[in-house]
Every structure is written in structure tokens, then in C-alpha cells.
Amino acid sequence: MSLSELLRMLVYVVGVMAFVGLNAAYLVLAERKGAGRFQRRPGPTEVGYAGWLQPVADGVKLLCKQLIVPPGADAALFRLAPLLVMIPAMMSLAVIPFSETLVGRNINVGLVFVFAFGAINVMAVMLSGWASRNKYAIISAARVVSQDVAYEIPMLLVVITMLMATGTMNLHEIVQQQAGWFWHWNLFRLDLNPLMPVTFIIFFTCMLAETNRAPFDMAEAESELVAGAFTEYAGMGFGVFFMAEYANIVVGCAMTTLLFLGGWQSPFGVGSGVIWFLLKMYAVVFTVIWVRWTFPRTQFYNLLNLSWKILIPLSLFTLILTAVMMKVLRA
Amino acid sequence: MKKYLKEIGGGFYSLMLGMRVTLAQFFKPTVTVHYPHESLKMTPRFRGHIELVRDPKTGQAMCFACKVCEKACPSDCIIVEGVKKEGEKRKSVTEFKLDFTKCSLCGSCVEACKSNAIQFSKAYNMVSMNKEDFIMNLFQKLESERSADGQATATPPPEQPKSEVP
Amino acid sequence: MSAPEVIPASDKPCETFVLNVGPQHPATHGVLRLKLTMDGEYIMRAEPVCGYIHRMHEKMGENRTWAQFLPNTGRIDYLAAMAYNHAYVAAVERAAKIAVPPRAEYIRVITTELNRISSHLVWFGAFLLDLGGFTPLLYAFDDREQILDMLEAVTGSRLTYCYYRFGGVCNDVDADFIRGCRDFVARLRPRLKMYRTLVTDNIILRKRLEGIGFISQEMCRKYGATGPVIRGSGVAYDVRKIEPYSVYREFDFDIPTFPEGDCMARYLVRMEEMAQSLRIIEQAVDKLPDGPVLSSGVPRVLKPPAGDYCFAVEAARGRFLVRIVSDNKEIPYRVRLRTPCFSNLSLFEEATAGMMLPDALAVLGSLDLVIPDIDR
């Protein structure tokens, strides 16, 4: 391994960590501000100009707090869980291409890589619930497992659909195929699959469920389970979970952008670049926030019903449809 | 099958309608009042803690220690003492204590007072770290106000306990 | 986790555990404690434990004069203080044979109905909060703020009103209040439509509430449930219609009932009740007569003739009954308060057996409990 390669890795690791940290901090602020606007109030305004230093204040507060391990909890696993939830999100960002050149490692199986690491998230949350020795936490952990397993299936079915349509697992190539005007984006490529918008909505829904966001936030369910699996975490232990939630949202929204919205490609054919990627990604993030502050939480069996009775059949149907289209139209 | 698709479609449409409602609210101005920076005007009938009223002519307290308010109070939080001075028809108040920690702001005392000698103050943001700050000696307060401005005709704005909102 | 409690009645005794929801828990809206015996996420037995905020209101009534007890009534159900004021004041009026001027009766109806709407708006927000929807709470509070401002201008307080007096009300309403009422009616109607689009028609909410927490008419009768709970089971029981008091006879309004008996029915009853209250306010404001607001014939020292008197009103949560026993003294011999929330809570155990935890909390929310009202 050459020195330049090592340097590149180092720069990228630092870059990703800074990106995740800043995103987590400022997405919390954006969420609070956004939630405020949806509810006709301004959100945090006191710290710094118009509340811009609120994340700093929050961070300092969390850092100053004692890390409590509840008596009788499995201390090792209890401390391990926040790391386990954070690392996969950071790993996924290593293969996500922000632009033509801005990518940590352009690997051929990027698509599989991201979803493989995404699955670790489930185990981490379950671990935190199990290790906390708390009844609310264990209920939450059980919910997370069945929820995420149920939603992994339609999500991966959608990914297979996209894989068939694009013919590659390389995220870079998937985006390159979507170059040109915005009707070249996969979302509008009705020639690949006439149900592409439906596929997009299924993917988006599954993404919400995978990141445990409202209306699928059964794991946290603050009015039922206090704070779910994170009930016993204090200080930065909780802070890391919080950051990981937003890091996962960023990864999910980035994947939505890459797969359906043309990644860094400009909608007008010219001027493609990282700015378009970020714009699209944050537009999706805004939608995630918007959904959260509009809907009540689903009930557990409704969530499973939605997955098994609606999303899985629909995604299977789109998968078959894509296969047929490929055979009939492109042959 | 048709019912199944209709349910999905209808459900999705209802979700979209909900999102339209919140988006419409997103662009409307905020409705909140930012308390330490701006505060609402108290309505004339606002019931704060009670205070003694001064006679506009003499500047003395109107209260003549009839103790009706003391009897009317459901929480026993008022203590009134008065003496009958030489050459005066009525008693005059010498002590008027309000234990605001017990007061439930029901206003029975003001209503019971036949001579309108007590009124509600408009103080609503009273904060203190000290319980004793809320055992108010209203007569002393009135006297100190009286000595502060000799010939005032109207009751000056009520003085508030030491620490304001941080 | 502590060692699982062994419950002999259970089939699988070793697999249950006890979950204490409350006294400090986001879903209990106060200091109610639910002792849930759970099998996984299924509730086998839900035992409400109350008494954490018992304040001896009934005993306090025996230790103060008739008028001195009045501020207490506003603090039993702090969200619907007007109706509670009304019940006590009317009971004493009945005992002491005090006539109330018509204007005062109309003002009582207007303020009680405004208070009912504000109470239902709090319930609406808090219920959605239980279900995980945060935004409707803020919208509901925005509307409620208008009511509180209006009532504050008239009564002098925002929540624990003590506005009614024996023989009328203590302050007359002004033109601002009347205009405010009309404006508010005009404002809330489109807002109710908005709530319908945002919340009621939402598929997530419907799936969450429909068919959940069935409460039969028999169960309501058995436990004495009243208010929106019994109307959500299809019984048109409303004190305002069944035993009309004050001037309710003169208004044209409906009693919304839904026969389904599930959480959705109770939800819809309350939403519809807000619309009906608006109708009452509209009519009462139009008909508001002139005249005094406080009867002049009320003695300073009230000594109702010896006897036993009752008065029931329809509070926001159901039938609130005051029973007073007088022995012709300045102080009541006995004040008995029949509060709706206690009866409504008592059916919780039966209604939630075998339910999942989030559903049980939805049922708890749909009962619209005010904890001080249970413990009083």
C-alpha cells in the first residue's frame, strides 16, 4: 500500500467522521427548527444567532454528563452497543459517491456493501436493549428486530429490481447511467419499469422503517416505552445513538438519491456536481422530517401488515414486471 | 383485489392530504410569544396576588382592619391586625400579611372587601429561591411606597420579588 | 429485571413480568400508575393504582364555609373547571333556593361550553401525543389559547376558574367577549375541518384506533361510565339532554353517538361534541338577554336549610354530580363529589385484558382521564 493511498484513506476517514458529526449535529437543529415551523413556532432561538449554536450547547451538555451503567446491566455490551450502531453508518459512507470523483472507495459491490452494513444496526439496537436490563428497553429491542427484519425484505426486493434495471452493483455506474435531463433519473425511467414511482415509494417507506423514523419509530415510542432501547443511556452514550440515528438517515437518503434521483447529476443536463447530490439528499431528508411531524405512530401489527401484505407483494410485483420488461422490450 | 388496491390508494391519498396540511402550516408565520423578550399584556381582570389600596385623598391605606378578607379566605393565608387610634372613628390597619405560598388566587378576599381596600396586582412572573419572599407584608410595602412618594395619588406599579426570570 | 412475579391464574406463570407504567410515565398524563402484568407485549392484567394525588377535596368541603369551597371545585378537573363550578354552585342554589338571573345562566352556558371545547382540544392534542403524533397538539393548543385568552379576560384566570357565584356569576361579560365568541366560532369550524383532514381521515390513525378497545354498553353500565365513553358505545346519555339544567333546554344541539364502542368512536364523539358546543355558543350569544348577572337576594352568610341536595352536570368527561348535605350551618355537613373519570378508569382493566401495550395506552388516552379528577 503506497503512502498516497494511506493518506487518502486518512483524509477520507476524517472527512466522513466530520461529515457525520456535523450532519448529526445540524440535522438535529434542522429537525427541531423544521418541527417548529410545522407547528407554527420558531424552534430553538436562544443559543447563538437564531439558535445556530444549539447543537454545540447540546453536545457540551451531553459530554458533561456522567455515563451511567445501570446496576446489573452487562457493562461491556452496554458500552459496545453505541459504537456498533455508529460504525456501520460511517462505513457505508465510505462507498457512497458524492460526486464523479469524491468517493472514498469505488467498489463494485457498493450497493450490497451499504445494505450489509445497514443490517448491523438492528443487532446494535437489540444489544443495547438487551444489555440495559430494563423492561422497556427489552420490549423495544424485540420490536426493532421484528420490524427491521420485516422491512429488510421489501427493501432488498426493490434493490434487486434496481439492480436488474441498471445491471450493476457499482453505485458510481448507477449514477452515471442517469446522466442527462431529469427524466433520465431512475425515478422517471418508466421504460425500465412502468411502476418506478411505486418502487420509489416502497423504498422510501422501507428506508423510514429501517432507520426507525416516525411513523415507524416503534423502537423509541416515547409515549409507550419512555425512550425504548435507549432508556438507560445517559450522556454521550445516548448522544451516540442520537447521532447514529441521523447518520443512518443520511445514508438512507443518500441511497435514495443515488438509486432514484440521479445522484450528483444535474436535472438540466449541465453543471453536475456535488452540490446537486447534497441538494437532493437534503430534500429527501426534509421529506423525512416532514413525514415525522405529520403522522402519528403506527401500531406494531399494522406495521407488519403493511410490510407483509402490501409492500412485499408490491415489490415482488415490480420485480417481476421489471424482469418481463427487460425480456420483452430490450431483447 | 380491487378493494385491496383501493385501500392502498385511499390510504396513500389520505397521507398526502395530511402532508399538504402540515406543509401549508410550514409557510405560515409563527404564533408564539417569546417570553423573556416579549410578554403579553395582562387583562384588567387578571388575578395576581393582592395588594392594599391607598386612599387617593390621604395616601393612607383604605383598609380599616375589619377582617372580612381574613374570614373569607379559604386557605387562611391573610393575617390582618389593626388598632383604634385616638380621635378616629374607625380602626386603622397596622399589619397585613399575605402568605402567598398558600394563596390559591381565588379572589374571595377582594370580593368580600366592602370598602375596596384590596386589589389584585398584575405581577405574574414572580420567582424566588426563597420561600420567605412570598410571605408578603403588604402593609409595610404600602408604607414604604408612601414614604417614597409623599403625595402620590394613584397606586404605583407593584414591586416584584427580588429575582426576576433568569 | 427483578424476578418475574408468579401469577397463579396464568397459564404460563414463569413467562409473565410486571411492568409499572407510571406514576411518572409519558402516557399517564399525571400520576396514575398502571401495574401491568405482561406476557411479552401482551397485557394479561392491567391494574390501575390511584391515589397518588389524593387531596381530600370532599373532606375539605366539610371544613370551610359554603363559599370557601368554591375555589376547590375548579381544581378537581382542572381542564373543565367551569362545569365543576357550575355543579357545586347550582347544588347550593338548589339548597338555598336562590334564583339565578337569566343573563347569568346564559353566560354560564357560554363559558361552560367554551371550557368544554378547550378541554376537548387538550384531550385531542394529548391523545395524538400518546399515539405518537406531535404536531396536532400544537395546533390544538393554538386554538385553545384563544379560549383561554377570552376566559381570562372575563374570569381573571386561565385554568382553575372560580367564576360562578351563588346566584349568578361574579363579573359581567363585555362586548369584546361576545365578539370574541363569534370570532372563535368562525375560526374553529375550518380548523375542525383541518383536523379532519390531518388526523381523523389519516389511514395510520384509523388503522390504529378502529376496532381497538371495545367497550360494550353493558360494561359502561356496570362501571358507571359516562360522557364520551358511554356515547362512544352508542348510548345517548348526556345530562344536558336527559335531565336538562340551566338553560340547555332552549338550545338546539345534538348528542353525537357512535355505536362502535372502540377508540375511534370515542374519538369521533369528542370531535363532534366540539362542533355541537360551537352551535350552543352561537345560539347562546345570539339569545343573550340583558339584565343583572348576580342575584341580589343572596345572604352574606349562607345557611341553606337542612337537607340533602344533588346536582349533576355534564362535564367534559361525563356526569359530574355534587351531593351536599346541609344541617343549616355555615359549613356543609357533607360534600360528596361523583367524578366521571373514576368510573371511566375503572373499566380499563376489563377493556384492556389481552391487549398489546400500545393499544392499551391508546385506550387509556381515549378515556380522557384527568388524574386529579380520579383521586380528587
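Lettering of chains follows the sequences in order, A, B, ..., and the numbering in each one begins at 1.
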Between L23(B) and W290(A) the two heavy atoms that sit nearest each other are CB-CZ2, 3.6 Å

Would the distance check show the side chain of R40(A) and the main-chain N or O of P29(B) forming a donor-acceptor pair, the cut-off being under 3.5 Å? yes

In Å, rounded to the nearest 0.5 Å, how long is the span from CD1 of I8(B) to CD1 of I201(A)? 11.5 Å

In short, P42(A) meets T30(B) closest at the heavy-atom pair N-CG2, 3.6 Å

Tell me whether the count of non-hydrogen atoms from other residues, nucleotides or ligands lying under 6.0 Å of OH in Y301(A) goes above 12. yes

Would you say NZ of K97(B) has more than 12 non-hydrogen atoms from neighbouring residues, nucleotides or ligands within 6.0 angstrom? no

Relative to chain B, which segment of Q39(A) carries a heavy atom at a distance below 4.5 Å: side chain, backbone, both, or neither? neither

Does the side chain of T22(B) pick up a donor-acceptor pair with the side chain of W293(A) at under 3.5 Å? no

Answer yes or no: does atom CD of E7(B) have more than 12 heavy-atom neighbours from other residues, nucleotides or ligands under 6.0 Å? no

Distance-minimising heavy-atom pair for G34(A) and F26(B): O-CE1, 3.9 Å

Measure distances from F12(B) to the heavy atoms of chain A and classify the residue's part below 4.5 Å as side chain, backbone, both or neither. side chain

So, R37(A) side chain and K28(B) main chain: donor-acceptor pair closer than 3.5 Å or not? yes

On a heavy-atom basis, the closest approach of F38(A) and Q25(B) is O-CB, 3.8 Å

Work out which heavy atom in T32(B) is nearest to a heavy atom in R41(A); give both atom names and the distance. CG2-CB, 3.7 Å

What part of L306(A) is in contact with chain B, defined as an atom under 4.5 angstrom from a non-hydrogen atom: side chain, backbone, both or neither? neither

Counting only heavy atoms not in Y13(B) (residues, nucleotides, ligands), do more than 12 fall under 6.0 Å from its OH? no

Near F317(A) CZ, under 6.0 Å, is it more than 12 heavy atoms from other residues, nucleotides or ligands? no

At what distance, to the nearest 0.5 angstrom, does CZ of R20(B) lie from OG1 of T294(A)? 13.0 Å

